[in-house]
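Report on the following structure.
Quantities reported herein were computed from a predicted structural model and do not represent experimental measurements. Proteins get letters first, then strands, A, B, ... in listed order; numbering begins at 1 in each.
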There are 2 protein chains.
Amino acid sequence: MTTRRPTRRPTRQQQAVAAMLEQTGAFASAQSVHARLREAGETVGLATVYRTLQALADAGEVDVLRTDDGEAVYRACEPGHHHHLVCRSCGRTVEVEGPAVETWTDRVAAEHGFTEVTHTLEIFGTCTSCTGTHSR
Amino acid sequence: MTTRRPTRRPTRQQQAVAAMLEQTGAFASAQSVHARLREAGETVGLATVYRTLQALADAGEVDVLRTDDGEAVYRACEPGHHHHLVCRSCGRTVEVEGPAVETWTDRVAAEHGFTEVTHTLEIFGTCTSCTGTHSR
DNA sequence: TACGATTTGACAATGATTCTCACTCTGAGA
DNA sequence: TCTCAGAGTGAGAATCATTGTCAAATCGTA
Ligand SMILES: [Zn+2]
Ligand SMILES: [Zn+2]
Ligand SMILES: [Zn+2]
Ligand SMILES: [Zn+2]
């Protein structure tokens, strides 16, 4: 019994959004992705950018976090659970892993009887190329 | 030379906001604080609630974090750097400290040449009183 | 009590995100 | 290749937390 599942392929718009994230490297908001696409001549509606980014996030293909002012920013990341070391000046991001932290959070939560534990952890700083050079 | 500095005392509104946070215990948004105050018969403008919460946060007297949908939530906490174990069902919050995590984040950042390092870390889960009792 | 400075709050403005819905595109089937 | 139902798109409206505005209320000091 062949399950009839339409062979969906990413649309032009979806590819454009994903590609833009890939080449950006840093965390970017939906608004800025939309702006960059427009600059690059790509025609993608704002609503579609939002939808695509959400879909990618749900699929675990991009990481999401919130800026200080609550804006959602997305980044194409390596698969698997990890955290980020982000330059608050230029946005350059390094993916980091910390097995010790993972076990620590789970242990702390367990000690207090919490279940279904998740966590968020981000590190912010000023990267080497932004140090000294008061770029801004 | 007596420095003429007015003896500022927290206004009725500011006290009301702070008190509401104290008695709540959990993280609460500006909107919900405003609503609770209104219910309690206190008369405090929404703008004032926002201003007061920001001031308290700037003064380090309350902690702020962002919910998944980007809303800012505040909580009256013990002074000093710490993190939170939050029940995503009832909002009950436990303050936790992890010296090992502190040194880890700083070390990781240093290894990559980042300076002026800060970090955010929150743990989410389901607390004991919300486990089993499928209370929504 | 009078006065300048601070605070307040109703309301407007902002801005990110979501919703609507008519239109377009796609792919399976004929 | 032709058709059609369903998925995807996008312009614009709607939502909603947050911030800005500014005249009126309040406070502290002299
Ligand atoms: Zn990542
Ligand atoms: Zn982790
Ligand atoms: Zn706290
Ligand atoms: Zn810490």
Side-chain angles (χ1 to χ4, degrees), chain A residues 1-21 27-59 61-75 91, chain B residues 1-21 27-59 61-75 91:
Chain A
M1 55 188 87
T2 55
T3 41
R4 72 189 62 253
R5 192 193 313 169
T7 9
R8 287 291 160 208
R9 179 190 324 193
T11 68
R12 168 182 65 78
Q13 292 89 334
Q14 289 164 356
Q15 291 180 46
V17 170
M20 180 57 72
L21 266 195
F27 278 93
S29 70
Q31 297 283 349
S32 77
V33 167
H34 179 249
R36 288 170 202 269
L37 284 175
R38 171 168 296 182
E39 287 176 24
E42 294 283 350
T43 304
V44 182
L46 181 57
T48 299
V49 173
Y50 272 100
R51 278 188 292 244
T52 303
L53 288 175
Q54 285 177 333
L56 288 172
D58 289 345
E61 297 189 33
V62 304
D63 282 352
V64 195
L65 58 85
R66 296 268 172 184
T67 65
D68 278 338
D69 56 319
E71 215 180 357
V73 286
Y74 306 80
R75 177 175 188 273
Chain B
M1 55 186 87
T2 55
T3 41
R4 71 192 61 253
R5 193 193 311 168
T7 6
R8 287 291 159 206
R9 179 189 328 190
T11 68
R12 168 182 64 78
Q13 293 87 335
Q14 289 163 356
Q15 290 179 47
V17 170
M20 181 57 73
L21 265 196
F27 278 93
S29 70
Q31 296 284 350
S32 78
V33 167
H34 179 249
R36 288 170 202 269
L37 284 174
R38 171 169 295 182
E39 286 176 25
E42 295 281 351
T43 304
V44 183
L46 180 57
T48 300
V49 172
Y50 272 100
R51 277 187 294 243
T52 303
L53 288 175
Q54 285 177 332
L56 288 172
D58 289 344
E61 297 189 32
V62 304
D63 282 352
V64 195
L65 58 83
R66 296 269 172 183
T67 64
D68 278 338
D69 54 320
E71 215 181 359
V73 286
Y74 306 80
R75 178 174 186 274

Rounded to whole Å, how long is the line connecting atom [atom1] of [X] with atom [atom2] of [N]?
X     : N      : atom1 : atom2 : value
A/R9  : D/dT9  : CZ    : P     : 14 Å
A/L56 : D/dG8  : CG    : C1'   : 15 Å
B/R38 : C/dG9  : CZ    : C1'   : 11 Å
A/L37 : D/dG10 : CG    : P     : 10 Å
A/L53 : C/dA16 : CG    : C1'   : 13 Å
A/Q14 : D/dG8  : CD    : P     : 7 Å
B/E42 : C/dG9  : CD    : C1'   : 15 Å
A/D69 : C/dG15 : CG    : P     : 12 Å

Using salt bridge (charged side-chain N to carboxylate O under 4.0 Å, His left out) as the criterion, list what pairs up with A/R75, not counting sequence neighbours.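 Scan of A/R75 (salt bridge (charged side-chain N to carboxylate O under 4.0 Å, His left out), adjacent residues dropped) gives A/E95.
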List for me each residue that meets salt bridge (charged side-chain N to carboxylate O under 4.0 Å, His left out) alongside A/R36, sequence neighbours excluded, and say none if there are none.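 Testing A/R36 for salt bridge (charged side-chain N to carboxylate O under 4.0 Å, His left out), a comparison that skips the adjacent residues, returns none.
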Close side-chain approach of [X] to [Y], heavy-atom, < 4.5 Å:
X     : Y     : value
B/L21 : B/Y74 : yes
A/F27 : A/L65 : yes
B/T11 : B/T52 : no

Would the distance check show the side chain of B/Q13 and the main-chain N or O of B/V44 forming a donor-acceptor pair, the cut-off being under 3.5 Å?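 No, the answer is negative, given that no donor and acceptor are paired below the 3.5 Å cut-off.
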Check whether any side-chain nitrogen or oxygen of A/T11 sits under 4.0 Å from OP1 or OP2 of D/dA7, and answer yes or no.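 No.
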Are B/Q13 and C/dT7 close enough that a side-chain N or O sits under 4.0 Å from OP1 or OP2?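 The answer is no; no side-chain N or O of B/Q13 sits under 4.0 Å from OP1 or OP2.
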Out of curiosity, A/E71 CD to A/D68 CG, how far, rounded to the nearest 0.5 Å?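 Here the rounded value is 11.5 Å.
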Counting side-chain heavy atoms from CB outward, which of D/dG8, C/dT8, D/dG10 is closest to B/T48?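 Looking only at side-chain atoms, B/T48 lies closest to C/dT8.
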Scan nucleotides 17-19 of chain C against the protein and return all N/O pairs shorter than 3.5 Å with their distances rounded to 0.1 Å.
| from | atom 1 | to | atom 2 | distance (Å) |
| --- | --- | --- | --- | --- |
| C/dT17 | OP1 | A/A72 | N | 3.0 |
| C/dT17 | OP2 | A/Y50 | OH | 2.8 |
| C/dT18 | OP1 | A/Q54 | NE2 | 3.1 |
| C/dT18 | OP2 | A/Q54 | NE2 | 2.9 |

